[in-house]
Amino acid sequence: MTFNPRQLARRPRRNRRSVSLREMVAETDLRCSNLVWPLFILPTESGRQEIATLPGQSRWGWRDAIEEMKLAFDLGIPGFALFPVIPEDEKDPVASQATNAKHPYLRILREMRRALPGAVLVTDIALDPFSSEGHDGLVKDGRILNDETLEVLARMALLHAETGIDMVAPSDMMDGRVAAIRQTLDQAGFMETGILAYAAKYASSFYGPFRDALGSAPRFGDKKTYQMDFRNGREAGLEARLDVEEGADIVMVKPGLPYLDIVARLKAAVQVPVAVYNVSGEYAMIKLAAKAGALNEKNAVMETLTAFRRAGADIIFTYHALDAANWLKN
Ligand code: PBG
C-alpha cells in the first residue's frame, strides 16, 4: 500500500496559515496585568546602583524607585515585589532589624503606599536580607530553627501590614509560617492583608544574581533543609495544599522555567491563583545570551513569559516586566 498525502484528513497546519487565523486559535494570552516587577530598594532617598549579574536591573534609592514604579504602573504593570537592601553593619545573627518597628524600610513602604494607591504592593517575608548568617530563619548550632522562626516572621509580617501594603509573601519555607502569619494578622485586625505564599520554592542555583543584589548569600551551608529538593514534584502538591489550608490567598512556584511541570501541577491541585517567579538567574541567562548574540531578547522573553501562562500561571514575577510591558504595548 502506498501512502497518498492527498488522503490526509487532519492537517494541523491549516490553522496556522495566516496571522489572523493564528490569533483566532491562540490558546494562551499574556497581558500586562499578569506581571509583577521585583525591585531592590536602598535605604537612601536617591541613587541607582546597577547590578552586574542582573544586567538592566538596579538597586534604587526609594524616591527613584517610586518614580520607576509610577512609570511602570502607568504602562499597565499592576504589581511590585519589594526587597530591601540592608547595610552589612545592620545585619546580625538573629535578624533584629527585620522586626524593628522603627526601621526606615517601613517608612519607605508607607511612602510607596501613598504614592501608588492603586498598585499591588507585595513584600517578602524571610530573614535572609537582615541576617548575618544569610539564612531565611533563625540559626542555632548550624541548624535552621523552624518554630522559633515563625514568631519572628509573623511579627515582621504584621509590621509590613501596618504600612498598608497589599500582600505579604513568605519566602522562607518554614513549616507553619502561613498559619502563624494569618493568625497574627487577623488578631491585629488585618483581615484584608493577603498572603502570597512561596509554596513550592526549590533550593536552586538560579538565585545567584538576587543574592548578589542583596548581599544575602548564606554564610555557611546551603538552604536544602528548608527549600525543596529539585527531584521532587509530588511534594510540591503537599506544600501548596498546606499553604492553602493555612490561609494562603495565592501560591507561588519558584524558580520558573525549569519548573513549568510544577506550575501545571499546582494549577490542577489548588483553587487559588498560581504565581510563578521567573528568578534572577533565568533573567540573567536570557540577558547574557542576547548580549552574546545567541538569541533575540524580545522573542525569547515573550516566548518564556507566554510559556508560564500556558503552564497555568495566573501571575508572573519577572525582572523583564518593564520590557515586556513596552513590547506588549507596541
Ligand atoms: C529570599 C528570597 C530569595 C529570592 C526571593 N526571595 C533568595 C533565596 O531564597 O535565597 C530569589 C529571587 C530571585 O532569584 O530572583 N528568601
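Source: prediction; values computed, not measured. Just so you know, ligand 1 is whichever comes first in the structure, and atom 1 is the first atom listed for that ligand.
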Next item on the list: Please state whether the rings of Y198 and Y277 are parallel, tilted or perpendicular, taking 30° and 60° as the class boundaries.
Entry: tilted
Check: Y283 vs H320 aromatic rings, parallel, tilted or perpendicular, using cut-offs 30° and 60°?
Finding: tilted
Check: What's the shortest distance from atom 15 (O) of ligand 1 to any protein heavy atom, and which residue and atom give it?
Finding: Y319 OH, 2.6 Å
Item checked: Within 6.0 angstrom of K140 NZ, more than 12 heavy atoms from elsewhere -> no
Note to self: Students should be able to answer this: which protein heavy-atom is nearest to atom 14 (O) of ligand 1, and at what distance?
What the structure shows: S280 OG, 2.7 Å
Check: Does ligand 1 have any atom that is closer than 4.0 Å to a heavy atom of F317?
Finding: no
Next item on the list: Please check if any side-chain donor atom of H135 sits under 3.5 Å from a side-chain acceptor atom of Y226, or the reverse.
Entry: yes
Margin query: At less than 4.0 angstrom from any non-hydrogen atom of D136, what atoms of ligand 1 do you find?
Written below: 16 (N)
Checklist line | Shortest protein heavy-atom distance from atom 1 (C) of ligand 1, along with the residue and atom involved | finding: D128 OD2, 2.9 Å
Check: Does the cation-pi check pass for K223 over Y207, that is, NZ or CZ under 6.0 Å from the six-membered ring centre and within 45° of its axis?
Finding: no
Next item on the list: Output the list of atoms in ligand 1 that are nearer than 4.0 Å to some heavy atom of K254, sorted by atom number.
Entry: 2 (C), 3 (C), 4 (C), 5 (C), 6 (N), 11 (C), 12 (C)
Notebook entry, point to check: Relative to the heavy atoms of D124, which atoms of ligand 1 are at a distance of less than 4.0 Å?
Noted result: 1 (C), 6 (N)
Check: Just which atoms of ligand 1 are under 4.0 Å from any heavy atom in K201?
Finding: 1 (C), 2 (C), 3 (C), 6 (N), 8 (C), 9 (O), 16 (N)
Notebook entry, point to check: Which atoms of ligand 1 sit under 4.0 Å from any heavy atom of K223?
Noted result: 8 (C), 9 (O), 10 (O)
Notebook entry, point to check: Nearest to atom 12 (C) of ligand 1, what protein heavy atom do you find, and at what distance?
Noted result: F210 CD1, 3.3 Å
Check: Short list, please: which atoms of ligand 1 are under 4.0 Å from a heavy atom of Y277?
Finding: 12 (C), 15 (O)
Margin query: Check for me whether the distance between the ring centres of F83 and F210 falls short of 6.0 Å.
Written below: yes
Item checked: Exceeds 12 heavy-atom contacts within 6.0 angstrom, atom CZ of R219 -> yes
Margin query: Among N146, L153, V94, which residue satisfies the side chain to side chain contact (heavy atoms under 4.5 Å, CB included) criterion with L138?
Written below: V94
Next item on the list: Could you list which atoms of ligand 1 come closer than 4.0 Å to a heavy atom of A126?
Entry: 16 (N)
